[in-house]
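Here the structure comes first, spelled out in structure tokens, and everything after it is commentary.
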Amino acid sequence: MLTNINNALLSKNITCEYQAVIQCGDRRSYYYEALARQRIGFEKSETLFNAIKWITNGKILGHLTQSIFWQTYKTFAHREEDFALNIPVHVFLDKYSYHSIESMIRNMDIGKRVIFEIVMEEWIEHLALISPLIQKLKEYGVRFAVDGFGSGKMMFDYLKLLHIDIIKIEGILFKSWIELQWGETVVGQIVEFARMHNMTTIAKEIDSPFAYQKAYQMGMDCMQGFYIHRPCEL
């Protein structure tokens, strides 16, 4: 599989689709998240989600991230919206990959438009190493979003240690509101914490009118999901 992805990268068959994150209330786009796709033929493409294990363990992760970053930059160079990329921790731990991304952000002067989405569980293990790297990019205006956030005091502490700007709340919490009463309590705690620390909240995986209405009532800043916007080319 890794060879297949590497060949697709070399032949420029790794492309991007984009899914909007919208602001609650006026439904204006807050930013677009870039989603990598492998082109299959002329009209078909497939997600790289199932291949992430091989990509992370291989040596092409940095090149793949740079390719996605460059494609996304070109897509939004003449648009007004901000854009986000999912960044595995291994990209930051590889000096070549990190410095390549840092160089692009610095030379293109686009830091204030860039959001890096991270998975907290991956990053906290390497907190001492990556914290200064995050802080360096934030000097260019780059924002960081933690993806799939749940709850817990320790997790809240890590949000501050990682200098997080945006909290994307785990989709299961919204889907569980019908059956599990604790869902509202957990989300309420996250929203309160975010407001205290000037962080933006995003409800993930909003796939029904019920989830949309509930997230709106709970005071979420933004939402993302198939009910809001399906990934597409721009």
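Numbers for residues simply follow the sequence, beginning at 1.
- In terms of hydrophobic clustering, with Ile, Leu, Val, Met, Phe, Trp and Tyr side chains grouped at heavy-atom distances under 4.5 Å, Ile164 and Ile169 are assigned to a common cluster.
- Taking the six-membered ring where the residue is Trp, the centroids of Trp123 and Tyr158 are separated by 6.0 Å or more.
- If you take OG on Ser208 and OH on Tyr227, they are separated by 8.0 Å, rounding to the nearest 0.5 Å.
- Judged purely by atom type and a 3.5 angstrom limit, Tyr98 uses its side chain to pair as donor or acceptor with the backbone of Leu133.
- Glu117 contributes no side-chain N or O that, together with a main-chain N or O of Phe144, makes up a donor-acceptor pair within less than 3.5 Å.
- Because its NZ or CZ atom is both nearer than 6.0 Å to the ring centre of Tyr32 and within 45° of the ring axis, Arg79 counts as a cation-pi partner of that residue.
- A donor and an acceptor atom, one from each side chain of Gln224 and Tyr30, are nowhere located under 3.5 Å apart.
- With sequence neighbours left out, the side chain to side chain contact (heavy atoms under 4.5 Å, CB included) criterion links Ala203 to Phe174, Ile206, Ala215, Met220, Met223.
- Without hydrogens or angle criteria, Thr200 side chain to Ile166 main chain gives no donor-acceptor distance under 3.5 Å.
- In terms of hydrophobic clustering, with Ile, Leu, Val, Met, Phe, Trp and Tyr side chains grouped at heavy-atom distances under 4.5 Å, Leu159 and Ile118 are assigned to a common cluster.
- A single hydrophobic cluster is seen to contain both Ile134 and Ile110, as judged by linkage of ILVMFWY side chains at heavy-atom distances under 4.5 Å, directly or through other members.
- For residues 124-135, every residue pair satisfying the side-chain hydrogen bond (donor to acceptor under 3.5 Å, both in side chains) rule, not counting sequence neighbours, is listed here: Gln135-His163.
- The hydrophobic cluster containing Leu35, built from Ile/Leu/Val/Met/Phe/Trp/Tyr side-chain heavy atoms closer than 4.5 Å, comprises no other residue.
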*Kindly determine whether Glu33 and Lys168 satisfy salt bridge (charged side-chain N to carboxylate O under 4.0 Å, His left out), including the steps that lead there.*
CA-CA 12 Å; Glu33 178 184 354; Lys168 297 185 75 173; 3.1 Å; yes
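- Hydrophobic cluster membership of Val119, counting Ile, Leu, Val, Met, Phe, Trp and Tyr whose side-chain heavy atoms lie under 4.5 Å apart directly or via other members: none, as it forms a cluster of its own.
- Note: Phe149 and Phe156 meet the aromatic proximity criterion, with ring centroids under 6.0 Å apart.
- The closest donor-acceptor contact from the side chain of Arg113 to the backbone of Phe76 lies under 3.5 Å.
- Of the possible donor and acceptor atoms, none in the side chain of Asp94 sits under 3.5 Å from a partner among the backbone N and O of His90.
- Both Leu137 and Tyr73 are assigned to one and the same hydrophobic cluster, defined by single-linkage of ILVMFWY side chains at heavy-atom distances under 4.5 Å.
- Proximity of a side-chain donor or acceptor of His229 to a complementary backbone N or O of Gly225 within less than 3.5 Å is not detected.
- Without hydrogens or angle criteria, Thr72 side chain to Ile68 main chain gives a donor-acceptor distance under 3.5 Å.
- For the salt bridge (charged side-chain N to carboxylate O under 4.0 Å, His left out) with Asp82, the lone residue among Lys112, Arg143, Arg28 that qualifies is Arg143.
- Partners of Glu205 under the salt bridge (charged side-chain N to carboxylate O under 4.0 Å, His left out) rule, at least two apart in sequence or in another chain, are Lys175.
- Residues passing the side chain to side chain contact (heavy atoms under 4.5 Å, CB included) test with Gln71, sequence neighbours excluded: Thr15, Cys16, Ser67.
- In this structure, Tyr31 has its ring center no closer than 6.0 Å to that of Phe83.
- One hydrophobic cluster, built from ILVMFWY side chains closer than 4.5 Å, cannot hold both Ile115 and Tyr18; they sit in different ones.
- Using a 4.5 Å cut-off on side-chain heavy atoms (C-beta onward), Val146 and Met155 make no contact.
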